[in-house]
Amino acid sequence: MNGHPLLQLAAVHGRDSRGPAGRAVGALRGVSVTLEHGIHAFVGRPADGTLALIELVAGRRRPSVGVVTVRGREPGSHAGTRRKVGALLDTAELLPARTVAELVAQIGALHGADLSGCLEAFGASALAARAPASLDRDEARSVELAVALSLQELLVLALYEPFTRTRLDADAVCGGVVAAAERGGCVVVATSTPADLRALGGVPGSVHLLERGRLWGRDGAIGWPPRPGRALRIWLEPEHVRALGAALSGRSELAAVSWEAAADRPLASILVSGGDADEVALAVAETVSGLGTPVHALESEAPSLELLLDAARREREAIEARSPYSPTPRNPGGGAP
Amino acid sequence: VTTLGALAGGARLAQGRLARRAFAVVVFLAIAVTVTYAFVARHGAPLDAPGRSIGLVLRWVVPLAAFAVVTLSLAGSRLDDSVWSIARHGVPRRLVALGSCLAAIAAAAVLAAACAALGLAAAYGGAHGFGGDVATSLWIAALGAAAYAAWFSLGGAFLRLGRGRWVPLLLDFSLGATAGPLALFWPRAHLENLAGGAAPLALSQPSSSVALAGMAVIALCLAAMRAGD
């Protein structure tokens with residue numbers, strides 16, 4: 001602890017290098033944010049700068065303008081700081097080794113940590129005997145993620161899409177991310193799937209929305225956490241799906257009803273959505289009780305990235321309309337201006 | 001991580017990248033071109049064959065083979081990016097880059113020496129004088145390759161994907177072929193001098209040897225510094 005924020009980005013411009021011929025897929029444009037311990041999610045597409053954000057925080061690249069600091073030092077230009085930052089990038093770059101187990105041991109030696117059980121802890125013990133060169137992209141990312149989540153002394157953990165394109169046990173990954181935050185670390189998760197973040201609830205942190213390299217807002221300003229009930233998923237026995245789905249389709253309160261039932265799954269689900277959360281919940285409750293359908297579970301669907309962007313735009317427009325500097329003259333009385 | 005450990009890590013990284021089929025193709029091409037040219041030269045003019053053969057090695061094979069070796073050791077990225085897999089764990093980039101460049105320099109030097117030896121063997125074809133000539137040519141080719149590889153490593157520390165390595169290659173072919181003051185900075189001029197050709201600014205052969213060695217050391221240090229912490 002030296003008085004500096006755990007992680008700070010100050011007017012950062014920078015890009016990633018994952019496009020064809022080393023070109024950028026996305027870039028950050030003047031991002032400033034200060035983060036302390038907890039889980040901080042950045043929702044957006046790679047083209048919006050999520051990958052650039054993780055590469056800059058990990059020290060993979062240095063910002064072209066501005067500064068990224070971890071406890072006051074730049075991971076991009078200070079090796080000692082980089083040692084305290086764990087990362088999962090778009091593509092894993094593994095140390096040269098004969099087997100994955102040897103590779104993990106080498107990384108453990110570099111960090112002075114015992115990582116012998118890290119693959120088993122995340123359900124990836126089958127990879128231990130493989131040669132790193134034989135791993136496909138997802139498997140290599142899995143090794144990188146298992147190692148990053150197992151290192152105990154990290155200050156910052158920067159994870160790019162940790163819940164997709166890996167072969168690790170999802171619950172174990174969630175547990176590892178939460179544990180890293182609870183150890184006092186700052187976990188930065190970049191994802192294009194807001195649903196991923198629901199499993200990480202309950203830990204102090206924030207959710208930010210990135211669009212075209214700029215931060216649009218965080219938490220309430222982007223409609224996070226989502227209001228429950230505007231879209232509900234109903235889990236039930238497959239034989240009741242058609243009857244309940246048909247009954248729900250007749251409810252005027254619901255804008256959309258769709259269902260999924262697969263022969264190889266024990267439960268089917270019906271997804272309903274509507275304009276008002278209370279009306280959706282009431283319509284579902286009335287229909288289910290009217291038919292006497294046994295329901296296993298109800299869950300509210302996480303909003304999509306597009307919904308978050310819409311919410312952020314609406315919030316921004318509302319702020320601009322309230323502003324005395326708004327270009328549109330205000331007319332609170334409702335009469336002719 | 002100790003300095004030696006970081007250097008060894010960088011060397012292993014480059015070694016891993018060179019232990020692939022692409023490097024075998026480079027080795028095969030370099031040797032095939034050298035030996036074929038030497039055979040053709042011996043059948044045309046046996047007395048001139050050793051000189052022409054070593055001329056081909058020093059003017060073409062050494063720079064192009066060194067360029068290919070450095071390109072492979074960088075794995076298609078800039079020098080500081082190419083060492084990320086080790087540097088991410090808190091090892092200074094400059095040390096890993098230094099180890100990686102040293103491995104590339106060693107590989108280029110060995111390949112150049114092998115080409116020089118095989119080219120001369122094919123050119124002499126058992127004739128008298130091979131022993132003395134090969135002893136001199138081996139170290140000239142190795143020293144030249146080291147200077148080239150260091151220059152290309154420095155160039156590879158600039159521009160996207162390390163494309164800066166093309167700059168010394170092009171400048172060497174253009175400026176290094178002259179005998180003016182600008183030729184002093186490029187290995188080609190000094191190799192020409194050591195092979196018995198025109199000397200840049202009438203420099204002596206020992207001076208050219210020192211210039212090549214100095215070039216290798218300075219370019220190597222600058223490349224490592226450019227990689228950063």
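The sequence lines fix the lettering, A, B, ..., with proteins before strands; numbering per chain opens at 1.
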Inset, instruction - Please look at B/Ala75 and chain A and tell me whether the side chain, the backbone, both or neither of the residue comes under 4.5 angstrom of a heavy atom of that chain. - result: neither

Inset, instruction - Tell me, for B/Ile86 versus chain A, whether the close heavy atoms (under 4.5 Å) come from the side chain, the backbone, both or neither. - result: both

Inset, instruction - Of all the heavy-atom pairs spanning B/Ser85 and A/Leu95, show the shortest one and how long it is. - result: O-CD2, 3.4 Å

Legend entry - Portion of A/Ile107 that has a non-hydrogen atom of chain B nearer than 4.5 angstrom: side chain

Inset, instruction - Could you look at A/Ala133 and say if it's the side chain, the backbone, both or neither that has a heavy atom under 4.5 Å from chain B? - result: neither

Legend entry - Heavy-atom donor-acceptor pair, B/Arg88 side chain to A/Ala87 backbone, under 3.5 Å: yes

Legend entry - Contacting region of A/Leu154 [heavy-atom separation from chain B under 4.5 Å]: neither

Legend entry - Residue pair A/Arg83 / B/His89, side-chain heavy-atom distance below 4.5 Å: no

Inset, instruction - Check whether more than 12 heavy atoms from other residues, nucleotides or ligands sit under 6.0 Å from atom CZ of A/Arg137, and answer yes or no. - result: yes

Inset, instruction - Select, from B/Gly5, B/Gly16, B/Pro92, the one with the greatest count of heavy-atom pairs under 4.5 Å involving chain A. - result: B/Pro92

Inset, instruction - Examine distances only and state if a side-chain atom of B/Arg93 and a backbone atom of A/Gly76 form a donor-acceptor pair shorter than 3.5 Å. - result: yes

Inset, instruction - Below 4.5 Å from any heavy atom of chain B, which atoms of A/Glu144 appear? Answer side chain, backbone, both or neither. - result: side chain

Inset, instruction - For B/Arg163 and A/Ala21, work out which heavy atoms get closest and say how close. - result: NH2-CB, 3.8 Å

Inset, instruction - Would you mind checking which part of A/Ala109 comes under 4.5 Å of any heavy atom in chain B, side chain (CB onward), backbone (N, CA, C, O), both or neither? - result: neither

Inset, instruction - Taking only Lys NZ, Arg NE, NH1 and NH2, and the carboxylate oxygens of Asp or Glu, determine whether B/Asp80 and A/Arg62 approach each other closer than 4.0 Å. - result: yes

Legend entry - Residue selection (most heavy-atom pairs with chain A, distance under 4.5 Å) from B/Val91, B/Asp81, B/Leu13: B/Asp81

Legend entry - B/Asp229 and A/Arg82 ion-paired at < 4.0 Å: no

Legend entry - Over 12 foreign heavy atoms within 6.0 Å of CZ, B/Arg20: no

Inset, instruction - Return yes when atom CZ of A/Arg212 has more than 12 non-hydrogen atoms of other residues, nucleotides or ligands closer than 6.0 Å, and no otherwise. - result: no

Inset, instruction - Could you tell me which of A/His78, A/Arg60, A/Glu93 has the largest number of non-hydrogen atom pairs under 4.5 Å with chain B? - result: A/Arg60

Inset, instruction - Quick one: which of A/Gly22, A/Ala58, A/Ser17 has the most heavy-atom pairs under 4.5 Å with chain B, could you say? - result: A/Gly22

